[in-house]
Protein chains: 4
Amino acid sequence: MSETIDLTDRTAETDRAASVRLNDEKMRQILEGARRVFLADGFDGASMNDVARVAGVSKGTLYVYFQSKQALFEALIREEHRRTAERLSMFDEAEPDVALVLTRFGNALMNFMLLPEHIALVRTVSAAAAKFPAIGRAFFDAGPQYGADRLAAYFSQQVEAGALFIDDVNLAAWQFLEALQGGHLKRMLFCVCEPPQQDAVEKAVARAVEMFMAVYRPK
Amino acid sequence: MSETIDLTDRTAETDRAASVRLNDEKMRQILEGARRVFLADGFDGASMNDVARVAGVSKGTLYVYFQSKQALFEALIREEHRRTAERLSMFDEAEPDVALVLTRFGNALMNFMLLPEHIALVRTVSAAAAKFPAIGRAFFDAGPQYGADRLAAYFSQQVEAGALFIDDVNLAAWQFLEALQGGHLKRMLFCVCEPPQQDAVEKAVARAVEMFMAVYRPK
Amino acid sequence: MSETIDLTDRTAETDRAASVRLNDEKMRQILEGARRVFLADGFDGASMNDVARVAGVSKGTLYVYFQSKQALFEALIREEHRRTAERLSMFDEAEPDVALVLTRFGNALMNFMLLPEHIALVRTVSAAAAKFPAIGRAFFDAGPQYGADRLAAYFSQQVEAGALFIDDVNLAAWQFLEALQGGHLKRMLFCVCEPPQQDAVEKAVARAVEMFMAVYRPK
Amino acid sequence: MSETIDLTDRTAETDRAASVRLNDEKMRQILEGARRVFLADGFDGASMNDVARVAGVSKGTLYVYFQSKQALFEALIREEHRRTAERLSMFDEAEPDVALVLTRFGNALMNFMLLPEHIALVRTVSAAAAKFPAIGRAFFDAGPQYGADRLAAYFSQQVEAGALFIDDVNLAAWQFLEALQGGHLKRMLFCVCEPPQQDAVEKAVARAVEMFMAVYRPK
DNA sequence: GATGAATGAGCTTTCATTCAT
DNA sequence: GATGAATGAAAGCTCATTCAT
């Protein structure tokens with residue numbers, strides 16, 4: 001069952017035909033083609049024909065590397081969310097100014113989340129989640145949930161250090177992450193438009209930090 | 001071009017064949033069938049066959065009422081976001097306790113946004129937005145944006161009345177709306193799971209109100 | 001499971017989409033096209049494309065009338081073996097000369113079994129039987145077995161009437177039917193050649209009757 | 001043209017690439033794999049992929065040893081019918097009891113013909129005969145026809161020796177061979193079932209001998 | 001107005017075959 | 001000599017759409 005596949009534990013090797021060493025270059029070509037086509041058209045909207053053409057390989061070759069359209073899609077999403085996870089910046093735990101840490105983190109995160117290609121990924125994965133729950137879950141765990149966990153851990157640290165007063169660090173993390181967006185992500189998700197002005201984003205981040213510090217900073 | 005269609009200005013009448021008065025009952029049947037199928041399978045994943053079967057009409061009849069699959073989908077989304085817009089409760093401007101107003105509003109909104117059928121709509125529309133930007137925009141304007149505008153207007157009122165201190169009411173509205181979600185909407189969007197416990201949602205709403213009041217309430 | 005389908009109980013109606021009355025002419029066209037293509041190329045060798053072209057309908061239409069290639073093939077074989085069964089002539093029980101009855105029957109049967117189109121059917125069905133046992137069994141029951149049963153019943157009558165002495169009428173029937181062939185059927189089955197000369201067949205029939213009467217006629 | 005190939009005159013050597021001495025072990029492996037796959041799935045139903053996998057060699061290697069799928073199939077059938085021919089037991093010309101000779105021969109032949117793998121071969125070859133007449137003919141000549149010829153030669157001997165009275169030894173041979181089957185071969189051909197009970201086969205053989213001796217034994 | 005039969009383009013996938021290594 | 005990566009044609013099948021009734 002596709003539902004039971006744990007995407008996070010798969011390595012690229014397991015996508016390949018057993019005991020066969022396929023061409024790495026071709027593999028990259030195919031995944032790149034799949035990325036372009038799937039992210040543009042969605043799972044159902046994309047055709048293997050298109051993927052083959054964009055990847056510059058024959059349709060048959062697609063099936064040498066991947067068992068099915070679904071398998072290719074899953075491999076792609078796996079690949080993508082690995083990049084996503086790697087992207088998540090760490091917190092500078094040595095920096096004593098919590099507001100500064102959050103501001104830096106917020107700006108970095110927003111810059112990434114508002115990239116058109118990330119928006120396309122979100123769109124594609126959320127649509128696919130209805131059909132392939134495992135894919136949606138893997139993306140959620142490695143992306144939003146992972147980020148929230150890291151942030152909550154940072155908060156716990158600061159609470160112990162007496163720099164913050166928070167009773168529910170998880171909820172606090174989620175709400176800070178949501179507030180950061182200031183509607184910009186939703187607008188891009190639905191409106192297919194250019195990313196917002198850099199200063200609008202920075203202002204949203206600044207206000208989110210302000211709001212957060214107003215509640216959770218010790219008086 | 002689908003990009004130029006302005007969904008918000010269309011009335012149901014303009015979908016119909018010119019100069020013919022079609023059966024309203026059939027029309028409702030078709031839209032209900034389309035709702036079930038499109039929201040379950042997405043635009044590309046749905047087939048007109050399924051829509052016809054679920055609606056209980058013949059495939060030919062579908063094309064009597066709608067020019068194409070795309071036209072039917074657009075009509076459906078239009079219908080849906082009209083319901084959505086109607087759903088958005090008003091603010092009790094007479095109630096002097098702002099925190100209470102926001103809490104009531106927040107709970108009502110979250111209860112609606114976390115309905116599985118609303119999640120399905122969000123998924124479907126965001127996926128379709130890549131192909132049919134007009135649909136995404138119409139949904140955004142009538143849904144999230146409309147809500148933010150109403151909330152911002154309420155904030156302006158309260159600022160004038162001296163009950164709140166806000167310099168950017170729009171940003172404040174958006175951030176309050178985002179903070180309300182506390183990650184629950186994202187989880188449902190990606191994870192195909194049951195709506196969260198009622199008390200978890202209420203806690204998220206309460207904290208969002210607290211956070212908001214901490215920054216914007218006059219000292 | 002295809003294995004459990006009882007071909008003999010199906011009527012033509014059940015092949016059709018439920019509650020839909022499809023065009024009889026088209027149905028006949030399709031079955032005729034299928035007959036030509038399947039009997040010439042076998043199940044695996046035939047393509048639905050070819051069937052559609054030979055039948056003079058579109059590929060899509062094939063699937064309006066039949067759910068799958070296998071379903072079409074099964075319907076065809078059902079149709080064919082109905083014709084086959086009808087073909088089996090009765091025995092003139094009033095005729096007192098048993099040898100004459102057997103000679104007439106043998107000649108009629110051989111004339112039918114050696115028809116190129118019957119040979120093609122035997123080839124196709126026996127090959128398909130490995131994949132679809134139900135088809136092979138249905139053909140066997142309605143063809144060879146049915147014939148053997150009828151013949152055995154006739155023998156029983158003659159035994160009771162004192163015209164023949166047979167202890168195992170079933171075995172006697174089978175061996176008479178086999179002896180009739182005199183290698184001609186095998187030659188056509190493997191050699192793709194013209195049916196043998198009429199007099200060669202008649203001689204084989206005559207010898208088979210002789211042989212049969214030599215053992216089973218009362219002295 | 002495949003029609004003009006005379007399988008009976010080919011030796012294994014001519015299948016091989018000119019002037020190369022290929023590995024005999026590999027050759028056997030391939031033919032064994034081909035036997036398993038072709039006899040199970042038929043010519044059209046079998047894939048070179050399956051043959052390669054079952055044979056334990058690479059797909060490329062198949063084409064080193066055989067020019068094409070058809071060539072491999074022909075080589076296999078050639079191989080098979082050589083085994084078949086070798087299988088045909090000789091007649092004990094010294095044994096004075098003709099009925100005993102025929103009974104021994106009949107039992108040995110039936111035991112062989114009813115082997116599931118022989119049935120599979122008959123099915124596969126008869127199906128292939130429509131497409132590759134040369135294959136069907138080669139099988140017929142080396143199998144049924146060869147057997148009938150040997151038997152007819154034995155009959156001639158016995159006629160000359162005064163042990164039998166037969167005017168057409170060829171027809172007599174064929175009819176004895178057919179009568180032996182008693183329907184058992186047909187049943188297995190169409191019904192994909194277990195071989196019949198040993199005693200049922202022996203009874204059929206005994207009756208066939210009886211019937212034969214009743215006509216052709218001198219009074 | 002409503003139907004459902006019919007279509008043909010296009011879908012995912014398989015397969016016999018080739019070729020560089 | 002043996003391999004397996006790569007191919008493109010063709011397979012079975014689906015689907016949005018049209019049209020005669």
Side-chain angles (χ1 to χ4, degrees), chain A residues 16-17 19-23 25-27 30 44-52 56-72, chain B residues 16-17 20-23 26 30 44-52 57-72, chain C residues 16-17 19-23 25-27 30 44-52 56-72, chain D residues 16-17 20-23 26 30 44-52 57-72:
Chain A
R16 303 175 172 189
S19 78
V20 190
R21 173 136 292 270
L22 297 178
N23 190 322
E25 171 56 18
K26 273 273 152 63
M27 174 66 92
I30 291 174
D44 287 313
S47 87
M48 292 297 264
N49 237 331
D50 291 346
V51 172
V57 302
S58 79
K59 228 184 324 179
T61 301
L62 256 37
Y63 286 86
V64 171
Y65 284 76
F66 297 95
Q67 221 179 17
S68 66
K69 184 186 186 183
Q70 183 178 336
L72 171 54
Chain B
R16 302 176 172 189
V20 241
R21 170 135 293 267
L22 297 179
N23 188 324
K26 274 269 153 63
I30 292 174
D44 287 310
S47 86
M48 292 296 264
N49 236 331
D50 291 345
V51 172
V57 303
S58 79
K59 234 188 316 183
T61 303
L62 255 39
Y63 286 85
V64 171
Y65 285 77
F66 297 96
Q67 218 179 20
S68 65
K69 184 185 186 184
Q70 183 177 335
L72 171 55
Chain C
R16 302 175 171 187
S19 77
V20 190
R21 171 135 292 269
L22 296 178
N23 190 322
E25 170 57 17
K26 273 272 152 62
M27 174 65 92
I30 291 174
D44 287 313
S47 87
M48 292 297 264
N49 240 331
D50 291 346
V51 173
V57 302
S58 78
K59 223 186 328 180
T61 302
L62 255 39
Y63 286 88
V64 171
Y65 285 76
F66 297 95
Q67 220 179 18
S68 65
K69 184 187 186 183
Q70 183 178 335
L72 172 53
Chain D
R16 303 177 169 187
V20 243
R21 170 137 291 271
L22 297 178
N23 188 323
K26 274 269 153 63
I30 292 174
D44 288 311
S47 86
M48 292 295 266
N49 235 330
D50 291 345
V51 173
V57 302
S58 79
K59 234 186 321 180
T61 303
L62 255 38
Y63 285 85
V64 172
Y65 285 76
F66 298 95
Q67 217 180 20
S68 67
K69 185 186 185 183
Q70 184 178 334
L72 171 55

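Every chain is numbered from 1 and lettered A, B, ... according to where its sequence line falls, protein lines coming before strand lines.
- Where Gly60(A) and Asp50(A) each meet DNA chain E at their nearest nucleotide, the meeting point lying more 5' is that of Asp50(A).
- Distance Leu72(A) CG to dT13(E) P: 10 Å, rounded to the nearest Å.
- Considering only side-chain N and O atoms, Asn49(C) lies nowhere under 4.0 angstrom from the phosphate OP1 or OP2 of dA10(F).
- The shortest distance between the side-chain N/O atoms of Lys26(A) and the OP1/OP2 oxygens of dA6(F) is below 4.0 Å.
- When the P atom of dG12(F) is taken as reference, atom CE of Met48(A) falls 20 Å away, rounded to whole Å.
- As a whole-Å value, the separation of Leu62(C) CG from dA11(F) C1' is 14 Å.
- The CD-C1' distance, from Gln70(B) to dT17(F), rounds to 14 Å in whole Å.
- Distance CE (Met27(A)) to P (dA5(F)): 11 Å, rounded to an integer number of Å.
- Put simply, Ser58(A) has a side-chain N or O that comes within less than 4.0 Å of OP1 or OP2 on dT7(F).
- Annotation for Ala52(C) and Ser58(C): closest pair CB-C, 4.0 Å, computed over non-hydrogen atoms.
- Judged by closest nucleotide on DNA chain E, Thr61(B) is the one of Thr61(B) and Ala46(A) placed further toward the 5' end.
- For Tyr65(B) and dA2(E), the shortest distance from a side-chain N or O to OP1 or OP2 is below 4.0 Å.
- The base of dT13(E) lies outside donor-acceptor range of the side chain of Lys69(A), with no N or O pair under 3.5 Å.
- Figure legend. dA20(E) is base-paired to dT3(F); pairs are counted as Watson-Crick or G-U wobble with both atom distances under 3.5 Å.
- Each of Asp50(C), Val51(C), Asp44(C) was evaluated against Ser47(C); a single residue qualifies, Asp50(C), per the side-chain contact (heavy atoms from CB on, under 4.5 Å) test.
- Contact detail for Tyr65(B) and Lys26(B): the closest heavy-atom pair is OH-CB, 3.1 Å.
- Atom pair Ile30(C):CD1 and dT7(E):C1' shows a separation of 12 Å (rounding to whole Å applied).
- Between the C1' atom of dA2(E) and the CZ atom of Phe66(B) lies a distance of 15 Å, rounded to the nearest Å.
- Distance from the side chain of Val64(A) is smallest to dA6(F) among dA10(F), dA6(E), dA6(F).
- Side-chain nitrogen and oxygen atoms of Tyr63(A) include none within less than 4.0 Å of the OP1 or OP2 phosphate oxygen of dT14(E).
- Heavy atoms of Ala52(B) sit nowhere under 4.0 angstrom from any nucleic acid atom.
- Shown here for Lys59(C) and Asn49(C), the closest heavy-atom pair between the two residues is CE-OD1, 3.7 Å.
- Note that CE of Met27(A) is 7.0 Å distant from CD1 of Ile30(A), once rounded to the nearest 0.5 Å.
- Remark: dC11(E) base-pairs with dG12(F). Criterion, Watson-Crick or G-U wobble with two distances under 3.5 Å.
- Judged by distance alone, with hydrogens and angles left aside, Lys59(C) brings no side-chain donor or acceptor close enough to the base of dT7(E) to form a pair under 3.5 Å.
- Minimum interatomic distance between Met48(D) and Leu62(D) (heavy atoms only, all atoms of both residues): O-CD2, 3.5 Å.
- Counting any heavy atom pair closer than 4.0 Å across all strands shown, Ser47(B) reaches sugar-phosphate atoms only and no base atom.
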